[in-house]
K.L.:
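First, the structure itself, so that you have it in front of you.
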Amino acid sequence: MNAQTQSSGRFLYTASVILLCAWVIVPLYFLLINTLSSPDTVNSFPKSFIPEFDLGSLQFFAGFAGMLTALKNSILVAGMTMIMSILIGAPAGYALSRFDFPGKGLFRLLILLTRAFPLPLLALPLAVMFIRTGLDDTVFGLALVHTTLAIPFSVLITFSLFSGIPLELEEAAWTLGCTRLTAFTKVVLPLILPGITASAIFAFVISWNEVFAAAVLTIENRTLTAFLLQNLDTSPLHLKFAGGFILVVPALIFIFAVRKYLFAMWGIANR
């Protein structure tokens, strides 16, 4: 009976992993197929499982006016969002993990609840404030909005990671003559760096996928998501697939390039 239970458990685990991988990979594969197929094939049925390697849709976007500028804006905004969310979120996460104060648990809950506040309600006040301060239609202004969206997750992720580092390590450094700052930079930071990088990756994904604020607060300096939303609304189906492919691929490349930090984060969490 025990052997049967273990066998059933392994079967359910394997089936769950296969189902989860299929849930992620199959839509991406069909997106690739439709991007690399001719317009007639995209609109035909049944669908082919082998791409035709027709680059007409991608060539159209490569020469489309404003597309490269929008791609550059998305990279700039996502990069600034990563930096600002870590510079603000990591110290807050460290303070939550190392210091006790009244209402600490409630404060953590309120940080998470800020993500439940609907962004469309802030559209008009944000637009008015940005116009008055000169931040409207700027990459930096949009990065500030995306940073406010990423900070709650950055704080909570870094809080959990800092909590996994024993305080005794810092105390040992203090006894050897280190200040709190030097103990943090020489002892804690090297251990927590993969987790901080993973938090930055999360902020990058939030910024890259965000479309509402980018569409409302920018006109000339729109990001790739807002640019595609504006231009693909009435476009043919094959161009919509190509636009989705162009939007997804840079984020996948970025995550694949820094994947080792994600695995390192799991190593910290498992200790």
K.L.:
Do F241 and L28 share a hydrophobic cluster (ILVMFWY, side-chain heavy atoms under 4.5 Å, transitive)?
P.N.:
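Looking at the clustering, L28 is in the same group as F241.
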K.L.:
Let me check something: do V216 and V128 share a hydrophobic cluster, defined by ILVMFWY side-chain heavy atoms less than 4.5 Å apart, either directly or through other members?
P.N.:
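As far as the 4.5 Å side-chain criterion goes, V128 and V216 are not connected within one cluster.
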K.L.:
What distance separates D136 CG from L126 CG, expressed to the nearest 0.5 Å?
P.N.:
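Separation between the atoms: 12.0 Å.
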K.L.:
Roughly how far, to the nearest 0.5 Å, is CD1 of I75 from CH2 of W208?
P.N.:
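These two atoms lie 5.0 Å from each other.
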K.L.:
Please report the interatomic distance CG(N34) to CG(L36), rounded to the nearest 0.5 Å.
P.N.:
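Interatomic distance, N34 CG to L36 CG, rounded to 0.5 Å: 9.5 Å.
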K.L.:
For residues S207 and V77, report the shortest heavy-atom separation together with the two atoms involved.
P.N.:
OG-CG1, 3.4 Å
K.L.:
Any idea how F162 and F184 line up, ring-wise: parallel (<30°), tilted (30 to 60°), or perpendicular (>60°)?
P.N.:
tilted
K.L.:
Around I219, counting heavy atoms of other residues, nucleotides and ligands shown, do more than 12 lie under 6.0 Å from its CD1?
P.N.:
no
K.L.:
Taking F130 as the fixed residue, which of T138, L142, L135, T218 is the one that meets the side-chain contact (heavy atoms from CB on, under 4.5 Å) rule?
P.N.:
L135
K.L.:
May I ask whether M67 and V249 are part of the same hydrophobic cluster, defined by side-chain heavy atoms of I, L, V, M, F, W, Y residues being less than 4.5 angstrom apart, directly or through others?
P.N.:
yes
K.L.:
Within this structure, what is the OG-CZ distance for the pair S163 and R98, rounded to the nearest 0.5 Å?
P.N.:
7.0 Å
K.L.:
Is any side-chain heavy atom of L224 closer than 4.5 Å to a side-chain heavy atom of I246?
P.N.:
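L224 reaches I246 side chain to side chain.
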K.L.:
Please check if the number of heavy atoms outside E220 that lie under 6.0 Å from its CD is greater than 12.
P.N.:
no
K.L.:
Could you check if a side-chain atom of L96 sits within less than 4.5 angstrom of a side-chain atom of F107, using non-hydrogen atoms only?
P.N.:
yes
K.L.:
Do T35 and L31 come within less than 4.5 Å of each other through their side chains, counting heavy atoms only?
P.N.:
yes
K.L.:
Would the number of heavy atoms belonging to other residues, nucleotides or ligands and lying under 6.0 Å from OH of Y13 be above 12?
P.N.:
no
K.L.:
Please report the shortest heavy-atom distance between T158 and G93, naming the atom on each side.
P.N.:
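Answer, listing the atom of T158 first, then G93: OG1-CA, 3.5 Å.
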K.L.:
side-chain contact (heavy atoms from CB on, under 4.5 Å) between V188 and L169: does it pass, once the steps are laid out?
P.N.:
CA-CA 8 Å; V188 178; L169 292 178; 5.9 Å; no
K.L.:
With side chains defined as the heavy atoms from C-beta onward, is the minimum distance between I196 and L189 less than 4.5 Å?
P.N.:
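Yes, their side chains come closer than 4.5 Å.
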K.L.:
Looking only at heavy atoms, what is the nearest atom pair of A215 and R222, with distance?
P.N.:
O-NH2, 2.9 Å
K.L.:
Could you tell me the separation between the CD1 atom of I25 and the CG atom of L32, rounded to the nearest 0.5 Å?
P.N.:
12.5 Å
K.L.:
Return yes if some donor-acceptor pair links the side-chain N/O of S154 with the main-chain N/O of S85 below 3.5 Å, else return no.
P.N.:
yes
K.L.:
Just wondering, do L87 and M84 contact through their side chains at under 4.5 Å, heavy atoms?
P.N.:
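No, every pair of side-chain atoms sits at 4.5 Å or beyond.
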K.L.:
Return yes when atom CZ of F140 has more than 12 non-hydrogen atoms of other residues, nucleotides or ligands closer than 6.0 Å, and no otherwise.
P.N.:
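No, the 6.0 Å shell around CZ holds no more than 12 heavy atoms from other groups.
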K.L.:
Between atom CG of N209 and atom NE2 of H146, what is the distance when rounded to the nearest 0.5 Å?
P.N.:
10.0 Å
